[in-house]
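Input: a single structure, listed below in structure tokens.
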Amino acid sequence: MNSQGLNIIKREGTVEPFSIEKIKNAVRKAFLSVGSFATEEDLTNILSRIRISDRMNVEEIQNQVENALMAEKYFSVAKAYMLYRQKHTEDRATRDRLKFMINYCSAENPASGSKYDANANVEKKNIATLTGELPKAEFIRLNRRLLTDRLKEMYGKEVADKYIDLLNSHLIYKNDETSLANYCASITMYPWLLGGTMSIGGNSKPPTNLKSFCGGFINLVFIVSSMLSGACATPEFLMYMNYFISHEYGVDYYKRVDEVVDLSLKHRTIDKVITDCFEQIVYSINQPTGARNFQAVFWNISYYDRNYFESLFGDFIFPDGSRPVWDSLSWLQKRFMKWFNQERTKTVLTFPVETMALLTKDGDIKDKEYGDFTAFMYSQGHSFFTYLSDSVDSLSSCCRLRNEIIDNGFSYTLGAGGISTGSKSVLTVNLNRCIQYAARYEIPYFTFLEDIVELMHKAQLAYNENLKDLKDKGMLPLFDAGYINLERQYLTIGINGLVEAAEFLGIKVTDCEEYATFVQSVLGLIEQCNKKYRSKETMFNCEMIPAENVGVKNAKWDKEDGLKVTRDCYNSYFYIVEDESINVIDKIRLHGRKYIKHLTGGSALHLNLMEHLTQKQYRLLLKVAATEGCNYLTFNIPNTICNDCGHIDKRYLKQCPSCGSNNLDYMTRIIGYMKRVSNFSAERKKEAARRYYSYGDEIGNA
Amino acid sequence: MLRFYNYDIVFIEIPDEISLAINITGCPNRCKGCHSPHLQENIGEILTKEILEELMCLYGSAITCVCFMGGDSEPEEVVRLARIVRQINKEIKTAWYSGRDKLPEDLPVGEFNYIKIGRYIESLGGLKSKTTNQRLYKVEKLLLSEVVI
């Protein structure tokens with residue numbers, strides 16, 4: 001063994017000259033630990049079996065030592081040597097964890113400190129958030145093992161190995177791998193109306209009045225969220241609340257809202273009673289939650305125009321036989337929106353994420369009253385999502401997810417069936433890397449991608465089998481109790497790096513034929529596969545994921561591997577966020593029917609503006625969106641928060657209008673939900689700074 | 001003959017409209033503190049009838065107004081272009097952002113739905129400033145009524 005001038009690579013990546021003495025010492029120690037002694041001859045025999053090449057890593061050399069000891073038949077010594085290595089590995093793992101703990105404690109905020117799943121929905125780091133961070137690596141290992149075992153059983157070892165390969169080479173990414181629970185769900189609360197929370201492990205009876213509705217609803221959202229890794233949507237929230245208010249104050253309550261109905265010294269009116277209920281629910285749900293590592297629950301609600309209401313709840317019957325009433329519900333929806341908008345000038349409130357569902361017809365909103373009201377609320381500075389659809393056969397009840405409504409029908413156990421849906425699991429493909437790998441290996445990218453997408457479907461089916469197993473063992477009471485339905489939950493194929501892939505291929509990312517064709521071919525391929533793997537009990541959809549941290553990770557990994565990476569955080573839109581030449585109408589078009597046709601799971605267009613528009617202008621833009629077939633959008637105008645006096649302003653300002661301070665923070669959507677920019681992870685902060693807010697020029701200065 | 005630097009879809013310039021704003025170059029006003037000095041140079045493509053048609057066709061019914069930003073070196077050309085806009089689509093409104101302090105006497109104001117006048121004076125601020133000297137007018141039956149942004 002000639003070892004002169006050779007270097008080896010240590011575990012931490014540093015290079016140092018190879019020393020044969022170190023191997024000899026390790027072997028001697030191993031012999032001594034079993035009460036034996038290594039002679040020079042022993043050492044020569046063992047070393048003669050070892051081949052060192054330049055820049056070999058330590059692990060590889062140690063593997064060779066193990067093999068050499070075995071080959072020389074020193075079995076007990078080999079065992080001692082292995083145990084010694086294992087102990088050191090464990091020590092190193094503990095040391096790494098300690099290091100992580102120290103780094104986390106001194107990170108600027110929890111999202112920047114998080115190693116696995118940066119999330120701005122945790123505002124302050126503390127012992128509770130740290131406790132949540134530490135076992136994340138274990139969860140990832142466990143989830144991978146569960147899935148590969150199942151893949152092996154269903155499709156063989158080769159497929160299981162390939163899944164791990166694709167994950168390790170960052171061609172695909174398993175979202176929320178740090179949690180055991182299924183992803184997100186839009187629930188029907190009908191089982192709660194019938195039986196309370198007993199069936200899902202709670203101890204409350206069904207709500208009987210407004211007060212028990214409010215308290216029980218908060219508990220319900222917490223229970224449900226603790227069994228999901230993502231969002232919980234309650235599309236029936238206001239409809240049920242309307243039912244309980246009507247029971248308490250009469251079906252015409254909304255016409256008598258100024259009436260005093262409280263005998264206490266407060267002399268509350270009906271309106272005050274209702275807004276107090278809003279306050280109780282919204283503030284409670286925005287609290288950090290112990291069971292979710294101090295994250296607030298992700299809570300989503302929906303509003304409907306008359307058409308949606310009639311389609312979704314037309315056949316709905318409350319347990320007492322009565323039906324929901326549109327006029328009072330419509331009043332309550334509007335009241336909630338206005339109240340929430342106002343409340344946000346007092347406190348930073350992230351949840352609920354709201355979606356207004358509007359039916360469109362002939363390039364405009366069919367329900368004129370709701371079209372105008374939606375535009376009015378935007379002009380009042382309220383930020384929420386709008387979902388537009390030509391038919392009420394689909395609904396977006398989440399901050400991102402779009403669902404086909406399979407059966408709108410009412411059922412006595414499930415309530416409004418159409419709203420009970422969600423995504424069981426999201427598995428995301430890094431399109432930029434796929435396209436560049438295909439080019440590197442000179443494989444047509446379509447063929448390369450097809451292969452990966454096929455495997456993703458198999459992995460998702462394996463996940464589904466594991467979920468069914470959990471359900472069979474009674475681990476998923478939300479399904480058993482009818483809040484969600486296994487067959488109505490999607491297995492989601494996520495995409496990331498689409499724009500970057502187009503850029504790599506030299507395709508201009510504007511509304512042009514070439515780009516549209518590229519998008520359609522990629523998304524069409526996924527949709528085709530979704531259909532191929534669809535069965536009676538499994539449905540797939542495709543979504544452009546918000547990628548709060550996947551966008552950052554993919555860009556980082558790709559850069560490290562020498563791929564062409566045009567930005568530090570991959571886009572979550574069909575356009576380039578920092579491209580100033582793409583105007584508002586171009587953006588709507590780039591999220592129009594031509595591009596989103598095959599995106600069955602949806603993606604939201606975020607129109608970032610510097611200043612609020614007038615009601616008429618928002619109304620016109622909704623019309624443009626309806627004409628272009630852009631089905632999901634929101635407007636973001638950063639809100640200003642003064643760090644000195646606490647004033648919150650709906651406008652994007654450089655100076656606090658209340659105290660004149662320049663020490664300001666801004667609230668905007670990190671992805672689907674709104675947070676202070678100071679809570680964003682370091683990379684996301686940079687991305688937010690690069691976002692182009694249309695029309696920022698001071699006017700009249702041409 | 002006027003040249004233009006670029007175009008954008010804007011909202012704040014003309015309230016209640018979605019405007020296609022065309023940034024015309026060769027601005028003769030030379031206001032102190034001008035924040036688009038590149039528009040003072042005579043650069044960019046010539047703004048022809050064909051280009052105007054092309055842009056209006058591209059944005060179709062998504063826009064409600066075409067706003068000419070500048071063009072003070074040739075007001076009669078801005079008028080000609082505004083007429084073309086209305087010939088192409090009579091539903092579309094026309095606007096002119098001029099940096100002059102007074103409109104040319106013989107200007108057919110009826111060709112525009114909105115006119116903004118007034119040079120930019122740094123100490124008084126732009127159109128949104130309370131102390132501004134600039135004015136935005138809505139033209140109705142050849143009468144100018146002030147619009148406050």
Side-chain angles (χ1 to χ4, degrees), chain A residues 362-364 372 375-376 378-379 510-513 575 579-592 607-630 633 635 637 651-654 657 692-702, chain B residues 5-25 27 29 31 33-40 55 58-65 67-72 96-99 116-122 124-129 132-136 149:
Chain A
D362 305 326
D364 201 3
D372 291 347
F376 169 74
Y378 280 126
S379 73
T510 54
D511 178 25
C512 63
E513 214 38 54
Y575 56 88
D579 187 345
E580 295 182 20
S581 72
I582 294 184
N583 63 50
V584 170
I585 293 172
D586 296 336
K587 286 179 186 171
I588 294 177
R589 284 191 176 154
L590 282 163
H591 275 251
L607 288 169
N608 296 327
L609 304 169
M610 287 287 252
E611 293 193 43
H612 291 286
L613 311 183
T614 65
Q615 183 183 356
K616 274 190 187 164
Q617 287 171 329
Y618 280 120
R619 188 67 185 81
L620 286 166
L621 283 177
L622 287 174
K623 206 172 158 181
V624 174
T627 310
E628 298 293 333
C630 167
L633 75 157
F635 299 94
I637 295 90
R651 295 167 294 173
Y652 187 22
L653 303 171
K654 298 270 150 53
Y692 174 59
Y693 286 85
S694 285
Y695 228 60
D697 292 350
E698 197 194 341
I699 58 167
N701 188 5
Chain B
Y5 181 74
N6 61 0
Y7 65 87
D8 198 358
I9 299 293
V10 302
F11 300 91
I12 314 297
E13 282 65 14
I14 309 292
D16 292 346
E17 310 287 347
I18 300 180
S19 304
L20 170 72
I22 303 173
N23 291 313
I24 296 171
T25 55
C27 179
N29 294 322
C31 303
C34 169
H35 93 324
S36 308
H38 56 280
L39 297 180
Q40 292 174 11
L55 282 176
L58 180 62
Y59 289 103
S61 61
I63 54 166
T64 61
C65 178
C67 182
F68 298 98
M69 312 297 285
D72 285 321
W96 183 28
Y97 255 59
S98 162
K116 177 241 130 186
I117 54 163
R119 61 173 39 241
Y120 176 66
I121 301 172
E122 241 177 328
L124 302 179
L127 205 47
K128 278 194 113 182
S129 155
T132 188
N133 59 304
Q134 301 184 321
R135 295 288 180 270
L136 176 67
I149 292 187

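Here the structure is a predicted model, which is why all the values come from computation and not from measurement. Below, all heavy atoms of this structure are taken into account, side chains as well, without hydrogens, waters or symmetry copies. Throughout, a chain's letter reflects where its sequence line sits, starting with A, and its residues are numbered from 1.
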Checking heavy atoms, do the side chain of A/I588, its backbone, both or neither come under 4.5 Å from chain B? neither

Taking atom CD1 of A/I582 and atom CG of B/D8, what is their separation to the nearest 0.5 Å? 11.5 Å

Worked verdict on A/R589 versus B/L58 for side-chain contact (heavy atoms from CB on, under 4.5 Å): CA-CA 11 Å; A/R589 284 191 176 154; B/L58 180 62; 4.1 Å; yes

Contact part of B/S98 toward chain A, heavy-atom cut-off under 4.5 Å: side chain, backbone, both or neither? neither

Within the 4.5 Å heavy-atom criterion, are B/I18 and A/I585 side-chain neighbours or not? yes

Taking every heavy-atom pair that is under 4.5 Å apart, which of A/V624, A/T627, A/L613 has the most such pairs with chain B? A/L613

Chain B shares the most heavy-atom pairs under 4.5 Å, among A/Q617, A/K616, A/E628, with A/Q617

Measure B/I24 against the heavy atoms of chain A and call it side chain, backbone, both or neither at under 4.5 Å. neither

From A/T614, A/V584, A/L620, residue fulfilling side chain to side chain contact (heavy atoms under 4.5 Å, CB included) relative to B/F11: A/V584

Could you grab the distance from atom CD1 of B/I12 to atom CG of A/L609, nearest 0.5 Å is fine? 8.0 Å

Cut-off 4.5 Å, heavy atoms of chain A, and the answer for B/Y7 is side chain

